[in-house]
Amino acid sequence: MLELRLLQGSLLKKVLEAIKDLVTDANFDCSATGFSLQAMDSSHVALVALLLRSEGFEHYRCDRNLSMGMNLNNMAKMLKCAGNDDIITIKADDGGDTVTFMFESPNQDKISDFEMKLMDIDSEHLGIPETEYEAIIRMPSQEFARICRDLSSIGDTVVISASKEGVKFSTKGDVGSANVVCRQNTSVDKPEDATVIQIQQPVSLTFALRYMNSFTKATPLSNTVTISMSNELPVVVEYKIAEMGYIRFYLAPKIEEDDEVNS
Amino acid sequence: MLELRLLQGSLLKKVLEAIKDLVTDANFDCSATGFSLQAMDSSHVALVALLLRSEGFEHYRCDRNLSMGMNLNNMAKMLKCAGNDDIITIKADDGGDTVTFMFESPNQDKISDFEMKLMDIDSEHLGIPETEYEAIIRMPSQEFARICRDLSSIGDTVVISASKEGVKFSTKGDVGSANVVCRQNTSVDKPEDATVIQIQQPVSLTFALRYMNSFTKATPLSNTVTISMSNELPVVVEYKIAEMGYIRFYLAPKIEEDDEVNS
Amino acid sequence: MLELRLLQGSLLKKVLEAIKDLVTDANFDCSATGFSLQAMDSSHVALVALLLRSEGFEHYRCDRNLSMGMNLNNMAKMLKCAGNDDIITIKADDGGDTVTFMFESPNQDKISDFEMKLMDIDSEHLGIPETEYEAIIRMPSQEFARICRDLSSIGDTVVISASKEGVKFSTKGDVGSANVVCRQNTSVDKPEDATVIQIQQPVSLTFALRYMNSFTKATPLSNTVTISMSNELPVVVEYKIAEMGYIRFYLAPKIEEDDEVNS
């Protein structure tokens, strides 16, 4: 039997909004340690990894490991019916073919049960090796989202170049070209406003803006975003979920030579 | 001659927004007692009854009974041109073929006259018998609107079941099923936040969510909604209009057997 | 070389939003006195004239007169990427074929460069004679925008009639007819709320509402709008840009006889 009670139900709503456009169907894996998901996007280019640790739940009962296949769009539809202040409980029987989302309003006057059929989804769990990244950028998540959105109005790809001084986001398209430079800046009033760059060596990688924009749907989950890059490795765009875990997005860089030839 | 001056013009704007999607053309009936309307929706399934009593108007002159056929969409277009703080006066000559809406801004600097052609509309006035209902639910209008909207994302019909403990709204669809239970609750800070259920015997009826959602367009008119149900009778969904009257929506229940067979 | 630094960058963003729907491509003319533009709309019915005087810029360097052809839609796309509090600098080399917009965030942490290709645009500069207008109306710009929008829901043209007592905006259409009268009013708390009418003789002219609505896109630039009319002359709808200049829209009146015959 599974029963996971999350006081801050809005958090689960935000998680679904963050991934539902990228991933159609996925298995949620429940174990004693937490509630997690790993899934490729439908075009098999980007990978999403979600972890909500058991300690973050007010009540966490998971008798045996369960893998529950869900249609994320339908799940998001149901979670949209939860109020932002509602407590959300996820319930399932071992071996059952449904999952129930229960929403309790703050004053307990309104109790909702939404039951959804589970799906059988083939999936292989990729082992993601822990890596030391050559460049790690932490910056305000809204700033990152704004830059990705702005550059999308000019071009299709973004070159992210990290150096000691700062990080540069560049694009070009039919309209013209654009460079946005964010300087390292740690002297800020609020720590979440800082832009901090840890560099072992300068890195410059090219990515499809379409995916970056999709990742920034997670912005409501965290004030900051961490972008970890090494040459020839997928970038990791991570949004921490306060005291519970994270959403991480992985995206392989584009091989730049092709662009150079064409431009 | 007809001249009805309403200080709170925004109220008439809200009335039109509440009914214009349900009813295309309708007769407004003016008599010494008030300004009223009774109309079926275009598919002849739901009935709307509006009453604005003469006492609610700052000035009310109606020399003889008048029935004025109006296209509600056009009337709503004109009323949208009134500011929310404007005073609205409805004017018509006996036997004339136009109606004039006059809007006065609060400081009297801006005076607008909108003249609309009247239409000839055949209509029969249905006598609606006063009934004792088996279950009467009074609840916050926004809560009711939220529940109807939420359930629409899951299914097409809602079963409303009233008992002493509370009222349950249920639906099912391809995605899954949903139950929302609102408990009787009278210990609230503001009386309009209460959920009050008067029961003579438990009632459970099925309705098309499409119509319920349409009725909830009247939500801005009142903090509370009253839902009156008896077995095999149309439900009445009523929004009181402060100190002036009401909008009531009538909708026949669906025969549930059909659903049971198909599900 | 050209280098124009504008502390209030949001102002340039608003200018572009005001004219980009009316004008597709246009030459911006830079001289020692200022940054200006004169262009016809694509159907050659309305004329826009923009002036931003050099004194309004924090830094203004223009070594020789330059005429820079730009696609306003692309320029607007780039300016949308500037934050509302950003400082904007326009840069160009003499004889170059590009222009660069540089955006500096208030704390200088983020610097963006957007480079756009210039275009060759044939244009003739019309001399607009200074005229004494028979009627000059100054009114709140939001009020004017509201009236144009409201009347558009009823008809396609507006008759603007100015007299000593006030200004009347009239339209008619299939739905009916509408008259909005704004009285002269100078006893207001804030000077920008006044409606002031200077009349040498009553004027009544008819205009296409489509263009009027387009002009009101400039509303965010100024709290007031000035409408100058003389019989048989184009109306001037002017939005002052605080301490820097103006946007003026010119539109020829419709010949009313045609309407009269048809109505």
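Numbered from 1 within each chain, the chains take letters A, B, ... in sequence-line order.
- How far SG of B:Cys81 is from CZ of C:Arg146: 6.5 Å, rounded to the nearest 0.5 Å.
- Interface residue C:Asn179: backbone and side-chain heavy atoms are both found under 4.5 Å from chain B.
- No more than 12 heavy atoms of other residues, nucleotides or ligands sit less than 6.0 Å from atom CD of C:Gln142.
- Of the atoms belonging to B:Lys77, heavy atoms from both backbone and side chain fall under 4.5 Å from chain C.
- The closest side-chain heavy-atom distance from C:Arg183 to B:Ile111 is below 4.5 Å.
- The 12-atom threshold is not exceeded at CD of B:Gln8, counting heavy atoms of other residues, nucleotides or ligands nearer than 6.0 Å.
- Other residues, nucleotides and ligands contribute at most 12 non-hydrogen atoms within 6.0 Å of the CD atom of C:Glu132.
- Within the model, atoms CG of C:Asp150 and CZ of B:Phe114 stand 5.5 Å from one another, a figure rounded to the nearest 0.5 Å.
- More than 12 heavy atoms of other shown residues, nucleotides or ligands fall within 6.0 angstrom of atom CG in B:Asp94.
- Highest contact tally toward chain B, considering only C:Ser177, C:Ser153, C:Ser170, is held by C:Ser177 [criterion: heavy-atom pairs under 4.5 Å].
- Annotation: the span from C:Ile154 atom CD1 to B:Met116 atom CE amounts to 9.5 Å, rounded to 0.5 Å.
- Heavy atoms from other residues, nucleotides or ligands lying under 6.0 Å from CG of B:Asp156 number 12 at most.
- Here the CG-CG distance, from B:Asn71 to C:Asp174, works out to 11.5 Å after rounding to the nearest 0.5 Å.
- Contact count against chain B (heavy-atom pairs under 4.5 Å) is highest for C:Val181 among C:Asn185, C:Val181, C:Leu151.
- Closest approach of B:Met78 to C:Val175, counting heavy atoms only: CE-CG1, 3.7 Å.
- If you measure heavy-atom distances from C:Gln184 to chain B, you find no contacts under 4.5 Å at all.
- When heavy atoms are compared at a cutoff of 4.5 Å, B:Ala76 does not approach chain C at all.
- A distance of 7.5 Å separates CG of B:Asp109 from OG of C:Ser187, quoted to the nearest 0.5 Å.
- Side-chain contact between B:Lys110 and C:Met139: absent, with no pair of heavy atoms (C-beta onward) separated by less than 4.5 Å.
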